[in-house]
Amino acid sequence: MTKTERAGGHAGASSLDPDDWDALRADAHRMLDDMIDHIAEVRDRPVWQPIPPEIRARFSETLPRGETPLGEAYRTFTDDIAPYATGNVHPGFMGWVHGGGTAVGMLAEMLAAGLNANCGGRDHIGIEVERQIVRWVRELFGFPQTASGVFVTGSSMANFMALLVARTAALGPQVREGGLAGEPLTAYASAAAHGCVVQAADLAGLGRGALRRIPFDAAHRIDIAALRRRIAEDRAAGFKPFLVTGSAGTVDTGAIDDLAALAALCRDEGLWFHVDGAYGSLGMLSPEIAPKLAGLSEADTVALDFHKWGQVNYDAGFLMVRDGEQHRATFAAPAAYLRRETRGLAGGSPWPCDFGPDLSRGFRALKTWFTLKTYGADRLGAMIAHTCAVARHLEARVQREPQLEMLAPVTLNIVCFRYRAPDGTDADALNAEIVADIHESGIAAPSSTTIDGRLAIRAAIVNHRTTFADVDRMVDAVLKFGNARAG
Ligand SMILES: *Cc1c(COP(=O)(O)O)cnc(C)c1O
């Protein structure tokens, strides 16, 4: 008997639990085995493939009113969903800054879903596991015991929240009641900072123009002298500078601003020092990379993503705040300060919902805990250092190939280069075509970016699975498609 045939057998019970747990168990074991194979055999598949129109169309059906057997829905998953995923599990994926995830993280997600914990608040172990991650990040970053932290979707959210904490610190708690009231706040970041840093000023009601984009030097690091000048000019013009964002790993080239110099400048100027450490800050796990991040431990706030270099399965963004009280004073509802329960499930205040805008939230801490616990900080640090070694191997290969040229220095794990176009051809257009050719070939997935006005093929080695041979294969593909188009 199929599940559909048994539908009547629910007999008034409104529960969504299966009638037959053994059948569910059999389906579940198959799914788990299939997904383990999916990860273990990822190299046998293309990195990415376009979604055929007929498959895309299958997701335009009307709302299903009746039941569908789980096995049938699962077939849709195996046939129509799994093959057309982003591709970032694959070692050939080098686009943007995407982590590869792990099988351990996948299992942790399943366990978290089984507990179905709402980690907004109350006194249960999910909250304590999240506090364990806060304690570990404190230790890693050299932050004081008073520092707080909270899981969020990603660094876009964490950078936005950091700006709000800085704003509340600058204007006082009354800003939460009365709004900005025309206060001419200005914030500062390198022109190479991530777009979400600009977006944060927009979302907070300061306006994008309030985020001053400061030029960067040849190493793609913020020009500190230009920053000082702009702050002085703004003060003279009646603006209220309040925040400087340093980048620990820019998204285009992986450049790290001089964080120690920015920390000193912020101390001198009385400004909030925020670090967008979305992917780079976890470089603190590697003794080889940590010295490049000197100054990070002096930040007032750090945005970071465990789902990038940390390889935690999506999503696992995080905001760290040096002064936990300022963090709480930015987000906690007035009623949160009146919570008096010290016993029972309603105890355990303050809660994560007091440190951000989310009330209901999942158990992101569990997959992060499993990842840090099972691999350990040293192995994760070595993996991170290895991605940088792969990037250096790629850089050396590009330098050896006369048809290729480097477009930016390699600081960490990001390599920007391109195919030299024959005279009279549009190099930007040619390289954009090469990138799309490689995507469609399924061989690799670099992305592109613009460096000094020139389109670059950009390989960000974030995935722990990517080897020297994988980047060589990508370069072979660049040469093959470049020669085919230019020749
Ligand atoms: C990825 C990234 C972001 C945005 O983070 P999300 O997790 O994608 O929201 C911000 N800044 C930098 C430097 C990044 O690499």
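Sequence positions, counted from 1, serve as the residue numbers for this chain.
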Sidechain-backbone polar pair: Asp300 side chain, Trp272 backbone, donor-acceptor under 3.5 Å: no
More than 12 heavy atoms of other residues, nucleotides or ligands under 6.0 Å from CG of Leu63: is that the case? yes
Taking Arg364 for the side chain and Gly317 for the main chain, is one N or O donor matched with an acceptor at less than 3.5 Å? no
Do any N or O atoms from the side chain of Arg361 and from the backbone of Cys353 form a donor-acceptor pair under 3.5 angstrom? no
CD/Gln174: more than 12 non-hydrogen atoms of other groups inside 6.0 Å: yes
Could you walk me through whether Arg135 and Glu128 satisfy the salt bridge (charged side-chain N to carboxylate O under 4.0 Å, His left out) test, starting with their C-alpha distance in whole Å, then the side-chain angles of each, then the deciding distance to 0.1 Å, before giving a yes or no? CA-CA 10 Å; Arg135 292 181 190 107; Glu128 209 51 48; 3.2 Å; yes
Please work out whether the ring planes of Trp369 and Trp136 are parallel, tilted or perpendicular, with thresholds of 30° and 60°. parallel
Give a yes or no on this: more than 12 heavy atoms of other residues, nucleotides or ligands lie within 6.0 Å of atom CZ of Arg379. no
Report yes if some heavy atom in the side chain of Arg328 is under 4.5 Å from a heavy atom in the side chain of Ser148; otherwise report no. no
Is the shortest side-chain heavy-atom distance between Pro446 and His439 below 4.5 Å? yes
Indicate yes or no for a side-chain donor-acceptor contact from Thr466 to the backbone of Val462 under 3.5 Å, with no hydrogens or angles considered. no
Pi-cation contact, Tyr84 with Arg56 (under 6.0 Å, within 45°): no
Using 30° and 60° as the class limits, which term best fits the ring planes of Phe151 and Phe306: parallel, tilted or perpendicular? tilted
What closest approach, in Å, do Asp27 and Leu70 show between heavy atoms, and which atom pair accounts for it? OD2-CD2, 3.6 Å
So, for Ile55 and Asp80, which heavy atoms are closest and what is the spacing to 0.1 Å? CG2-O, 3.6 Å
Does the side chain of His124 come under 3.5 Å of the side chain of Asn118 through a donor N or O and an acceptor N or O? no
Please check if the distance between the ring centroids of Tyr279 and Trp309 is under 6.0 Å. yes
Distance (rounded to the nearest 0.5 Å) between Leu227 CG and Asp258 CG: 11.5 Å
Ignoring hydrogens and geometry, is there a side-chain-to-backbone donor-acceptor pair from Asp20 to Ala23 under 3.5 Å? yes
Taking side chain as C-beta onward, heavy atoms only, is Arg221 less than 4.5 Å from Ser190? no
For atom CZ of Arg30, is the number of surrounding heavy atoms from other residues, nucleotides or ligands below 6.0 Å larger than 12? yes
Trp96 and Phe93 aromatic ring geometry - parallel, tilted or perpendicular at 30°/60° bounds: tilted
Minimum side-chain heavy-atom gap Val275-Leu262 below 4.5 Å: no
Judged by atom type as modelled, is there a donor-acceptor pair below 3.5 Å linking the side chain of Asp315 to the main-chain atoms of Val152? no
Do the side-chain N and O atoms of Thr301 and His274 include a donor-acceptor pair separated by under 3.5 angstrom? yes
Are Met320 and Arg138 close enough, and set up right, to give a side chain to side chain contact (heavy atoms under 4.5 Å, CB included), and what steps lead you there? CA-CA 8 Å; Met320 201 65 195; Arg138 264 184 212 147; 3.6 Å; yes
Does Ile231 offer a backbone N or O that forms a donor-acceptor pair with the side chain of Asp234 under 3.5 Å? no
Residues Asp276 and Thr245: side-chain donor-acceptor under 3.5 angstrom: no
Between Phe355 and Val321, is a side chain to side chain contact (heavy atoms under 4.5 Å, CB included) present by the stated rule, with each step listed? CA-CA 10 Å; Phe355 294 93; Val321 181; over 6 Å; no
Check for a donor-acceptor pair, side chain of Asn463 on one end and backbone N or O of Arg465 on the other, with a separation under 3.5 Å. yes
Tell me, with the steps shown, if Val137 and Phe318 meet side chain to side chain contact (heavy atoms under 4.5 Å, CB included). CA-CA 10 Å; Val137 177; Phe318 203 75; 4.0 Å; yes
Does CG in Asp378 sit with more than 12 non-hydrogen atoms of other residues, nucleotides or ligands closer than 6.0 Å? no
Within a strict 4.5 Å, meaning less than it, do heavy atoms of the Asp323 and Thr146 side chains meet? no
Please check this pair: side chain of Thr250 against backbone of Ala193, looking for a donor-acceptor N/O pair closer than 3.5 Å. no
What I want to check is whether the side chains of Tyr74 and Asp34 have a donor and an acceptor closer together than 3.5 Å. yes
Applying side chain to side chain contact (heavy atoms under 4.5 Å, CB included), run through Leu203 and Leu163 and close with a yes or a no. CA-CA 10 Å; Leu203 296 178; Leu163 183 142; over 6 Å; no
